[in-house]
Student: 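This is the structure I want to talk about, given as structure tokens.
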2 protein chains.
Amino acid sequence: MIKLGKLTDYAIAVMGQLVHEAADSSAQGEGTMSSSAHYLSSRTGIPEPTIAKVLKMLAKGGLVVSARGAAGGYRLAKPAGQISIGEIIAVMDGPVAIVSCVDPGQEPCMMSETCPTRHGWSRVNDAIKSALDGVKLTEMLSAPACGKVHDFMKGEDAGCA
Amino acid sequence: MIKLGKLTDYAIAVMGQLVHEAADSSAQGEGTMSSSAHYLSSRTGIPEPTIAKVLKMLAKGGLVVSARGAAGGYRLAKPAGQISIGEIIAVMDGPVAIVSCVDPGQEPCMMSETCPTRHGWSRVNDAIKSALDGVKLTEMLSAPACGKVHDFMKGEDAGCA
DNA sequence: ATAAACAGTACTTATTCAGTACGATTAGGA
DNA sequence: TCCTAATCGTACTGAATAAGTACTGTTTAT
């Protein structure tokens, strides 16, 4: 249904929280403060085991850096303005790939002869990709365009007009 | 993983086949000829029970019209140039909805208080939606932009350069 | 040395999707 | 009128995928 996995949703929430933490700590002059998984869990409401998994994936993807040991934790790997939604999705869900009849190492398409839609997929995919890359994390946090968000699942998309 | 369901992929293949059929029949002056599920199955390689299911969904969504009884079948509800990929996806997979923490009738988000990403989703969703609506069915069929299609799953998107 | 915190892996469970089967309805032709 | 070909609708089953959990190991500040 063209939807993100829950983990991806969590990831964006966590990243958003880290943006706040970074802003707070830099206001106090300590730009390198880390937040623990436990702390982030309490702030976001996401269960700790799950958020730990998300953070590990983000760290592996290079979006956050981790500090081990006591007083360790996570922080953003780069300024929030340079992180796009597309990056986060790519780390959590893999690269954007619309079509299902492709599978690396397998035959390209089970009906490559007769299927009349062999062409044109890449432009669709690229359009989505650039749409996701065009939205930065900072924009997600401060964009009260209209009061109705999280409503586009209910059939018509919330007008925002 | 931001991918379409197989049925959606089938649907686009079937619609593409119907475009060809419509073109052929109109060339013979019979613009209202219908193609049966059995015939479309043989042309696309998609198993007949499955393609029948797809066609039923498309008919329900108003993208194809059906004729019952002997010599019945399906045909496009409107010219191929007026049908967008977004429409087909909407019919098969429901409206484009990125976020998972929404569920009609339920509470909007389990962490609506602390979650810092309440805002900004609609612009992401709209961007994807317009990207999908911008590609018409006719463009999918005749767009040999480069030889490499169906390859954007393999990590980097096929350059097409 | 101890406790706190991340790293990695493996497992279990739940949800969703694809595919199939069956009976009902409709319309054309012998 | 009867038979056949085709869609319509629903329901069921199996499989693939994702989510969540648990456990063990490694690191580091106190």
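Protein chains get the first letters and strands the later ones, always in sequence-line order, with residue 1 at the start of each. Keep in mind it's a predicted model, so treat the numbers as computed, not measured.
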Student: Examine C/dA18: is either OP1 or OP2 under 4.0 Å from a nitrogen or oxygen in the side chain of B/Tyr10? Give yes or no.
Tutor: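 Result: no.
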Student: C/dT20, OP1 or OP2 - any side-chain N/O from B/Thr50 closer than 4.0 Å?
Tutor: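 Result: yes.
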Student: Taking atom C1' of D/dT17 as reference, at what distance in whole Å does atom CG of A/Leu4 sit?
Tutor: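 Result: 16 Å.
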Student: Is any side-chain N or O of B/Tyr74 closer than 4.0 Å to OP1 or OP2 of D/dC8?
Tutor: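 Indeed, a polar side-chain atom of B/Tyr74 lies that close.
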Student: Indicate, with a heavy-atom threshold strictly under 4.0 Å, whether B/Ala52 touches base, sugar-phosphate, or nothing.
Tutor: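 Result for B/Ala52 = nothing.
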Student: Any side-chain heavy atom of B/Ser84 within less than 4.5 Å of one from B/Leu132?
Tutor: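 With C-beta onward as the side chain, the pair stays apart.
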Student: Measure the distance from NZ on B/Lys56 to P on C/dA21 and round it to the nearest whole Å.
Tutor: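 In whole Å, C/dA21 P and B/Lys56 NZ are 13 Å from each other.
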Student: Want to settle it: does A/Ala71 or A/Lys53 sit nearer the 5' end of DNA chain D, counting the closest nucleotide to each?
Tutor: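 The residue closer to the strand's 5' end, by nearest nucleotide, is A/Lys53.
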Student: Any side-chain N or O of A/Ser66 below 4.0 angstrom from OP1/OP2 of C/dA7?
Tutor: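 Yes, A/Ser66 has a side-chain N/O under 4.0 Å of OP1/OP2 on C/dA7.
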Student: What integer distance in Å separates B/His38:NE2 from D/dT7:P?
Tutor: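 It works out to 10 Å between those atoms.
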Student: Take the protein atom NZ of B/Lys6 and the nucleotide atom P of C/dT16, then report the distance between them rounded to whole Å.
Tutor: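 Interatomic distance, NZ of B/Lys6 to P of C/dT16: 18 Å.
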Student: Give the rounded distance in Å between these two atoms: CD1 of B/Ile46 and C1' of C/dA18.
Tutor: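 Rounded to whole Å, this separation is 13 Å.
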Student: Return the OG to CG distance between A/Ser66 and A/Leu55, rounded to the nearest 0.5 Å.
Tutor: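 Separation between the atoms: 9.5 Å.
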Student: If two hydrophobic side chains count as joined below 4.5 Å and joins carry through other members, does B/Val65 share a cluster with B/Met15?
Tutor: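 They do not share one cluster, since no chain of ILVMFWY contacts under 4.5 Å joins B/Val65 to B/Met15.
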Student: In whole angstrom, what separates B/Met92's CE from C/dG19's P?
Tutor: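 Interatomic distance, CE of B/Met92 to P of C/dG19: 11 Å.
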Student: Is the closest side-chain heavy-atom distance between A/Met92 and A/Lys6 below 4.5 Å?
Tutor: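 When only atoms from C-beta onward are counted, A/Lys6 and A/Met92 do not touch, as no gap falls below 4.5 Å.
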Student: Atom CE of A/Met57 to atom C1' of D/dG20: distance rounded to whole Å?
Tutor: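 That distance rounds to 13 Å.
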